[in-house]
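Everything numeric here is computed off the predicted structure, so don't read it as measured data. We name chains A, B, ... by the order of the sequence lines, and we start the count at 1 in each one.
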Amino acid sequence: MDLFDIEEPDFENEAKNFLSKPHFLDELNQEQRQAVETTEGPVLVLSGAGTGKTKVLTTRIAYILHQQKARPWQILAVTFTNKASKEMKERLEKMIGGDAFSVWLGTFHSIGIRILRKHGGLLGLEQNFIVLDPDDQERLLKQMMQEDGIDIKKHTPAGLLDVIQRWKDKGLLPHGVTTAQNSGYCEGRALYFYEKYQKRLKELNAVDFGDLLLLPLALFQSYPDVLEEYQKQFRYILVDEYQDTNVAQYLLLRMLAKGYGNICCVGDDDQSIYSWRGAEVENILTFQKIFPQALVIRLERNYRSTAHILGAASGLISNNQGRLGKTLKPADELQGMGEKVKVTGFWSGSQEAESVVTSILKEQQKGVALSDMAILVRATFQTRQFEEVLMRTGIPYKIIGGFKFYEREEIKDAVAYLRLVLNQNDDLAFLRIVNKPKRGVGPAALDVLTQTAKEKHVSLFDAISWAPLKPLLRKTLESFIQLIKNAKEKSLSVYPSEVARFILQESGYIQMWRQDKSVEAQGRVENVMELYTVLDDFKTIDEFIEYASLVTDTDEQVSSDQLVVMTLHASKGLEFKHVYLPGWEEGLFPHQKALDEAGESGLEEERRLAYVGITRARERALISHAFNRRIYGQTQNALPSRFIDELPPEHILVFDPTNKHGQREYIEPAWSNKYFSKNDNETWDYSGEKTGFCEAGNKSRWARESLNIDFDNEFSFSSFGVQKKEKVQTSKRVGRRVHHEIFGDGTVLKDSGGSLEVSFDSVGVKKVKSAFLEELFS
DNA sequence: GGGTTGCCCGTTTTT
DNA sequence: CGGGCAACCC
């Protein structure tokens, strides 16, 4: 690759290009086009929800290449998620073909790993370093803390990890941390642990996610010549979701952009919802200070949502201070205002779930695909309630979030086996599976091995041959060694998937789960089988390991007609025809912890989250709250979220609970007083009637009156009534005959919602999740 | 090494 | 309420 082969402008070609403007520019509106065509110098694109930022980014790359301003590998484009980079790559390929694969396009972390694989040696990293996941990190820290006699209960490893992670997010290596920054955690010993942790990582030839940004930064600081290499290479830099960058990422970008100064950052300050993970909205707010000559382009034309949805969202977010400010306008193509956002109160969380699902069912019957609808919640625990109803109703659904494929125990074990086959010095992998399945290698045996490993300066694996071990133990460990070696030899001639099958079969690992009688065991075996399928796509083990350590969402594919339930955080970047937004209650949304820990800025981030939620909807957004919600086994009552109050009345309809003329209906909210008032004593009134003060008891009555309505105001004759009947029946499941895939038939003894105690005919009493049971009708 | 009991704690989690 | 985990017992 000759970096200088296009140094001289090719006038002839340029003239030709000028005459034949690329057709892909025609699809852009004026602002988008400006964002694409302003290739030189720093550009900040403030891109609201649904304004076509991915289109701008991909077209910009295509345009730069088309204009022959750079070769593909001279363009760096970074995203946050694998999903985003995959999508961009696919779109780009459609536009420019195979050249798309030569562009440096990937997540920040994958770019970081690429740099470290090449130059990590300068920092003392071996080329085949491994990437730790948060689980490994926490285990490591816990071990270190216990060695130093820290009370794990008072100072949790997770807490310490958080502190260290924040330092890394800020681009701080241990020597860069100031005393003031260190004051907080673990009686000021956090920094000590940070140092120790980094040392330990080096010993293990490992890095964590934070290091994938921090270490390239350190590398560039210490080796200007390496930095220069990259500065010369990257003529154009593009950044997606810039509002989510942390300081380390910002510093990295700034360094790289010093070369040509052509940096284009795309982001939306109103969608910054990850500050608690170290993201700094400041980066986007101060862009113009860092690059005074920067051009700022606002993309405000929204191609996704109706005018009412945009109006509601805009009104809400305008309550935030310190925004760069932009107002979403519906694209001309969309005629009319659309449907107003509906707001409803329910008596209880379960009733809310019931009604949401009923409404979804009805929409489905009207022809709306399940995949066009979504339930977006604030906290994961909310999903359970919906899951129960969906299961009963038989609607195909998918809960997104929760346990990711590569975070599952069995998958991590399987990957650890492969890691050890690949590299016997991988102590962490060794520790993970040496006694899985049980081989009689307990803590005592491991102590001996660790000791020997230290003395002889070898890995745990190699320590086996030196360590003083009892004959029986020696025998088992030596056959373990043999097993790994056999697999290694196999790996030279067969594909990874074959190696995995071999090692997991021969080690007895699969057998271990097959024999396990717990409820999840079956699923674990299936997951391992699934892993074999994933492995089929890989030609080498290390290729797979790298993939597995950076990619976490392979099983999040939603099949054609499934309803998704997910957190608001997880919904960013997605869109649906209909969006249900339950749980808008004070304490839950905005979440109490966000208010407690971050005060006003916490509230603003919650508000941005609400904004993200509403703007996911194309045609319909339905917001609801429950007056009573079971949390931690206790029913707590809650006031409607203040965010409901902040919705502009002209864009919403609220359900009128006053039942004035014997009718229940949605009305225009003419609230003189607010639907919800911060002053707890005021009545909520949006029917125009005299308000005043009320007792808690009255509120309850008000709430009770809104019982048994659903989103569509079809109280008495909707399918809701039928369902409700069924619900009563199924929730009283004690005494019923049920069937379980593994345990066979049995009788329900105790019913506590999600999990049941069942007396099985063949295996006795077990506690099982209702999801695994089928009801038998006699 | 394995199983049981009792206690604590409970947001969001792109990589 | 229920999961996770440490302490305890066999």
Interatomic distance where [atom1] belongs to [X] and [atom2] belongs to [N] [whole Å]:
X	N	atom1	atom2	value
D135(A)	dT15(B)	CG	C1'	15 Å
K83(A)	dT14(B)	NZ	P	11 Å
L252(A)	dT15(B)	CG	C1'	14 Å
K436(A)	dG1(B)	NZ	C1'	15 Å
E409(A)	dG4(C)	CD	P	10 Å
R277(A)	dT13(B)	CZ	P	9 Å
L568(A)	dT13(B)	CG	P	10 Å
I273(A)	dT14(B)	CD1	P	11 Å

If you only use heavy atoms from C-beta on, which nucleotide in [options] is closest to the side chain of [X]?
X	options	value
T567(A)	dT15(B), dG10(B), dT13(B)	dT13(B)
F209(A)	dT14(B), dT13(B), dT15(B)	dT15(B)
R378(A)	dT14(B), dT11(B), dC1(C)	dT11(B)
R384(A)	dG2(C), dT15(B), dT14(B)	dG2(C)

Could you tell me whether [X] and [Y] have a side-chain N and a carboxylate O separated by less than 4.0 Å?
X	Y	result
K168(A)	D208(A)	yes
E387(A)	R384(A)	no
D133(A)	K412(A)	yes
R166(A)	D169(A)	yes
E409(A)	K436(A)	yes

Under 6.0 Å between the ring centres of F589(A) and H591(A)?
-> no
For [X] and [N], is the shortest distance between a side-chain N/O and OP1 or OP2 below 4.0 Å?
X	N	value
K438(A)	dG2(B)	yes
K142(A)	dA6(C)	yes
N82(A)	dT15(B)	yes
N435(A)	dG1(B)	yes

Over all strands shown, is [X] touching base, sugar-phosphate only, or nothing at heavy-atom distances under 4.0 angstrom?
X	result
Q382(A)	nothing
F108(A)	nothing
D244(A)	base
V377(A)	nothing

Does the side-chain ring of H569(A) lie flat on the base of dT12(B), meaning centres under 5.5 Å and planes less than 30 degrees apart?
-> no
Residue closer to the 5' end of DNA chain B, K593(A) versus G440(A) (nearest nucleotide) | G440(A)
